[in-house]
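Single-structure report; data block below.
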4 protein chains.
Amino acid sequence: MTVKIGVIGTGAIGRDHARRINEVLGGAKVVALSDVNRASSEAVKKDIAPDAAIFATGEELIASADVDAVLVTSWGATHEQYVLAAIAAGKPCFCEKPLATTAEGAKRIVDAEVAHGKRLVQVGFMRRYDAGYVALKKTVDTMIGAPIMVHAAHRNPTVPEQYVTPMAIHDTMIHEIDVLRWLLDDDYVSARVLFPRAAARSHAKLRDPQIVILETARGTIIDVEIFVNCHYGYDIQCQVVGEDGIASLPEPMAIQTRLGAKLQNDILTDWKDRFIASYDVELQDFIHAAAKGTASGPNSWDGYVAAITSDACVAAQETDGAAVAIRLPARPALYQ
Amino acid sequence: MTVKIGVIGTGAIGRDHARRINEVLGGAKVVALSDVNRASSEAVKKDIAPDAAIFATGEELIASADVDAVLVTSWGATHEQYVLAAIAAGKPCFCEKPLATTAEGAKRIVDAEVAHGKRLVQVGFMRRYDAGYVALKKTVDTMIGAPIMVHAAHRNPTVPEQYVTPMAIHDTMIHEIDVLRWLLDDDYVSARVLFPRAAARSHAKLRDPQIVILETARGTIIDVEIFVNCHYGYDIQCQVVGEDGIASLPEPMAIQTRLGAKLQNDILTDWKDRFIASYDVELQDFIHAAAKGTASGPNSWDGYVAAITSDACVAAQETDGAAVAIRLPARPALYQ
Amino acid sequence: MTVKIGVIGTGAIGRDHARRINEVLGGAKVVALSDVNRASSEAVKKDIAPDAAIFATGEELIASADVDAVLVTSWGATHEQYVLAAIAAGKPCFCEKPLATTAEGAKRIVDAEVAHGKRLVQVGFMRRYDAGYVALKKTVDTMIGAPIMVHAAHRNPTVPEQYVTPMAIHDTMIHEIDVLRWLLDDDYVSARVLFPRAAARSHAKLRDPQIVILETARGTIIDVEIFVNCHYGYDIQCQVVGEDGIASLPEPMAIQTRLGAKLQNDILTDWKDRFIASYDVELQDFIHAAAKGTASGPNSWDGYVAAITSDACVAAQETDGAAVAIRLPARPALYQ
Amino acid sequence: MTVKIGVIGTGAIGRDHARRINEVLGGAKVVALSDVNRASSEAVKKDIAPDAAIFATGEELIASADVDAVLVTSWGATHEQYVLAAIAAGKPCFCEKPLATTAEGAKRIVDAEVAHGKRLVQVGFMRRYDAGYVALKKTVDTMIGAPIMVHAAHRNPTVPEQYVTPMAIHDTMIHEIDVLRWLLDDDYVSARVLFPRAAARSHAKLRDPQIVILETARGTIIDVEIFVNCHYGYDIQCQVVGEDGIASLPEPMAIQTRLGAKLQNDILTDWKDRFIASYDVELQDFIHAAAKGTASGPNSWDGYVAAITSDACVAAQETDGAAVAIRLPARPALYQ
């Protein structure tokens, strides 16, 4: 069967996902588009999905009998309403991060999905589909003994002036928050944030870099360097220290050259290149599950826990290195 | 549009390509199957392509009005007849290597395609679609100056007793023959083969390893170590030395561990894992071109040149290190 | 001139230094030996320094007119008395770490040397002479911009039962305390210690691993993983993150092999192998300075600061992650 | 005892060895100097060896009762006469390469040393003392099974106009000729040379690069890329392929940085830096043996075999890829 997909929000990421579905992946077709800016949907229809219908609102798109499953790639503040509508309609829904802009909003989605009784939501945490993280998880699970520490870094060459200190958590660290929890199969119990002196390239409203330290329920300590104006490149590092040894995330594939007295290879500079292949895999996973009327991969609970953890990290930016507790409600059976 | 594909030869590789088309890639569908062993086609129909018709012969499959394009994944000795039939029918045709079992057979395909006047054939030289080789070619073309030497190795852990010395060329080196010609955008003018003492794991009818040395029209010298019983792993190496510097093919992605007093990562042992991703890319390229009624990627001429070059290398296995000349006819305009 | 050296303490390290002086390095000769265990000195005389006189006490050795300079390689608790005696005699003195077993003791040495008015003491912090750290310092000083963070690790395969939690600072972390201060040319202002769950191989009186976080006067934050039962090897890591980029300590030289489906090289397992070459360099530096009647390299003040910092780190092992301030007196002009 | 050394030839390398003996190494002292340019010896006396006597000729220096052992670091054409004189005097003699400028000259030295009945000569093949080659030999001898192939490269950034094609063998490849024979513990039986098109930076009288292929008595095939105008750096590579796996010479120690979108480290550009540490070790070995009245390390026979092999390689530069046989006389018992 071919899954008929409606895309809500046809900006950069929505357009790119539409291209994936219609040109790269098998088993699905974009049949409906909606955006507050109708011209944006018209353009996607023209360039990528000529057979798609254009809907005035996301709610109408979700309600259409022609739509089997929904992609929510609109502005973050609208995610919650569309995901709730999709759940109400019983339709599988892929939602880009954040699932909601508040932990309470995410909780409402969890509650709705639990009430529905079946998984319908996949959150767009694409790193879980990255070949490097997948291989790392396999190694961590089988070769190095139980994890004790994680040393990670999320470095980005530059951010604009409007990027302020809490965004280092909500927009940047959010990926580590989800993927490390998945990697360790563990939950967080506390967060600390340490600030070295701010880098010279930092901004008036941004303290950059920062070191976020998370502790898990099993006592693993994770340190994550977040450095969003690091200048030299987009660089994601992750090293897991276990009882018996250490495993590290691979560097992205690159050609090594010997040139001008340097042995070297390129480091990526654009975040969009780093996990590009994982977007294909996550969306294929969504299509496969949607064909069966359900959802797979990162779930609403994961989105909710990420929201709670992010809030604790932001709170910890203000406590001068003291730990902020992270407390989660009981995990519903749907997400065990 | 969806390209309707018929698969001739539904053994391991044909079955796997059918899976790719129906489950992984977009834009095509398997509608017809044929195999000398009908049960094999029945199994693919059952597991992968429920809507496909089964044909008694490849020729009937090619003739079917329901079939837009053909995959030739049958036994090598039958490739030529099916490719010629597909050209006669004016249908795009993907043919696994070898294009034909003799240079003369490949020449007949070239002639038929030239007479047809439009490209219809893609040969299954998948390395050209490997992300590592693609990146290497880009680096060679732009960063290291004109190539002067290539040092390459094709190492395989073990081969069975029936693998004899010439197969090191026809079955193994054939990939380097095509991909290095593409990488350098050059033609070969001579081949030498040097034999070190045979490895202890070699067989009665196999002199292993061997070093094949090719010279190109522009004077680049290529040495390729072919070692098919190297024991330790499946390992493909390629280093290009240019006027200004050197570029090397990347190692496959692997998790580095620190364990038991070793800093290490896995080396692949099964050739099927090394270029697995490139099969998806090559077949997607075929589908895209077939949708336009033509073919892309490695062409009949490439298949013919590979056959001529292989024959020269095999001849050079008997000349005690003396160079054997490689002479090509003029390249038809269709392949310029 | 040949510097005539007396060695106080002829156990493993004293004996090895005697061998260096008499068999490897130029410009010095061992002329005197002393040890509480006279048989130990007799053995060194027999095997390495046949012309050396044996003295009943370190004080007598120091007083001998035949002795130009002194090596203090005795039991740590005796270092202070011998170093003070050497200063009193106006003789250059190389003292293995610790300079004294308490910060107060180290301060008495500083005061005595300042009163003497000229440098006479070199402390055995050999890492400053390691080719890797020397190259790292040069890179940090010239290429990566001002340092902002340091990520370091000190991993050791196993320690005996009598190794207790504070020893992770006094015996292990002490090397990072000195070498990172030298590397950054900065002073520490606070220390924190975080404990993940203890590793399964830890002992009853040892919480292992631990993460020590130091902050410097310029606001650089340093995290050091101390893991003394890490099992897999002796592994020293150091990465400096600067305004413009990152520099890392090289791995020790090792042969990379491709064997048994692994691309690998050995990791050291014995700490004695890691900095073996730096012992030669540090002692040669001592000899060169001693020939001029003075001392070079890590000085008494460095030893004193290391003692104060160690004490703060040990205190921080008890504060549940809260920062412990590190306060230093004004640095005497002799050590500017 | 202190070995009293006379240095014949006080140009760059002689001066540097004098410095080693007097300032770095233990167990020896420069007591005599001689050079055709007396001012050169005066300068070394002034700067490095104030107690040394200056002799008008090398022969007088060798004859001096004050001289225990001799360093021959004069112009290559004079090596033979001084080495023969040292043997006649029964004095240990370290001779920089070449041992003699002709194979016949080297044979006369072998004959004289055999007649003397005891080893007195060490040839300055310093690579055997390089820590990387020493570790590689240990790995080759114990871990990878019997060697079957060696892939090596000797790359140099630039050479002057007067460097002509045969010098690529006599001055450059000579190091691989000796060190690979030692590494494999095998003898050469033939040489081939292949020339790719000449690099654009090559000279009128220099065909650069070239690929020299040596075969050994046990059937190992060695390919060595010699590229003396490679532009990018001074780069020595060596990979040994054995029955069970592969071992590679380590890269020189270098700081890896992440800077400006590059993961990189420096490649050396000056050959003098590459083996600098091995000069210390080889000369220390000479001193230790000379103290016992004999010599160690690379011997006269090694120098003679290197000369014969070099001659064969130069002959092979003219045979258009055909093999030139290398025939050695029986090895005298002194060198077994």
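Chain letters run A, B, ... following the sequence lines, proteins first and then strands; every chain starts at 1. Keep in mind it's a predicted model, so treat the numbers as computed, not measured.
Within residues 227-238 of chain B, the residues having any heavy atom under 4.5 Å from a heavy atom of chain C are, by residue number, B:Tyr232, B:Asp235, B:Gln237. Residue-level contacts of residues 163-184 of chain B with chain C do not occur; threshold 4.5 Å between heavy atoms. Residues of residues 199-208 of chain C never come within less than 4.5 angstrom of chain B, heavy atom to heavy atom. Using a 4.5 Å heavy-atom cut-off against chain B, the contacting residues of residues 254-274 of chain C are C:Arg258, C:Leu259, C:Gly260, C:Ala261, C:Lys262, C:Leu263, C:Gln264, C:Asn265, C:Asp266, C:Ile267, C:Thr269.
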Which is it for B:Glu225 and B:Val212 under the side-chain contact (heavy atoms from CB on, under 4.5 Å) test, yes or no, and what are the steps along the way?
-> CA-CA 7 Å; B:Glu225 176 199 323; B:Val212 182; over 6 Å; no

Check step by step if side-chain contact (heavy atoms from CB on, under 4.5 Å) holds for C:Ile221 and C:Ile213.
-> CA-CA 7 Å; C:Ile221 290 188; C:Ile213 298 171; 3.8 Å; yes

After noting the C-alpha distance and the side-chain angles of C:Val241 and C:His151, does the key distance pass the side-chain contact (heavy atoms from CB on, under 4.5 Å) rule?
-> CA-CA 8 Å; C:Val241 182; C:His151 307 303; 4.0 Å; yes

Apply side-chain contact (heavy atoms from CB on, under 4.5 Å) to the pair B:Ile148 and B:Thr220, showing each step before the final yes or no.
-> CA-CA 5 Å; B:Ile148 305 174; B:Thr220 299; 5.6 Å; no

Determine, stepwise, if the pair C:Tyr129 / C:Asp285 fulfils side-chain hydrogen bond (donor to acceptor under 3.5 Å, both in side chains).
-> CA-CA 9 Å; C:Tyr129 295 94; C:Asp285 194 31; 2.5 Å; yes

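Going from atom CD of C:Gln317 over to atom CG of C:Leu194 covers 11.5 Å, rounded to the nearest 0.5 Å. To the nearest 0.5 Å, the span separating CG on C:Leu214 from CG on C:Asp223 amounts to 9.5 Å. To the nearest 0.5 Å, atom CZ of residue B:Phe275 and atom CE of residue B:Met126 are 5.5 Å apart. Here CD of C:Glu23 is found 9.5 Å from CG of C:Asp47. Values are rounded to the nearest 0.5 Å.
Each of B:Asp280, B:Thr73, B:Leu25 was evaluated against B:His17; a single residue qualifies, B:Thr73, per the side chain to side chain contact (heavy atoms under 4.5 Å, CB included) test.
Under the 4.5 Å side-chain criterion, counting only non-hydrogen atoms from C-beta, B:Lys97 is in contact with B:Phe125. Between B:Gln239 and B:Leu249 the shortest side-chain heavy-atom distance does not fall below 4.5 Å.
Between C:Asp302 and C:Arg128 there is a salt bridge, since at least one side-chain N of the basic residue sits less than 4.0 Å from a carboxylate O of the acidic one. Electrostatic pairing of B:Asp141 and B:Lys138 does not count as a salt bridge here, judged by no charged N lying under 4.0 Å from a carboxylate O.
For the residue pair C:Ser278/C:Asp130, the side-chain donor-acceptor check at 3.5 Å is not satisfied.
A donor-acceptor pair under 3.5 Å is formed between the side chain of C:Thr319 and the backbone N or O of C:Ala316.
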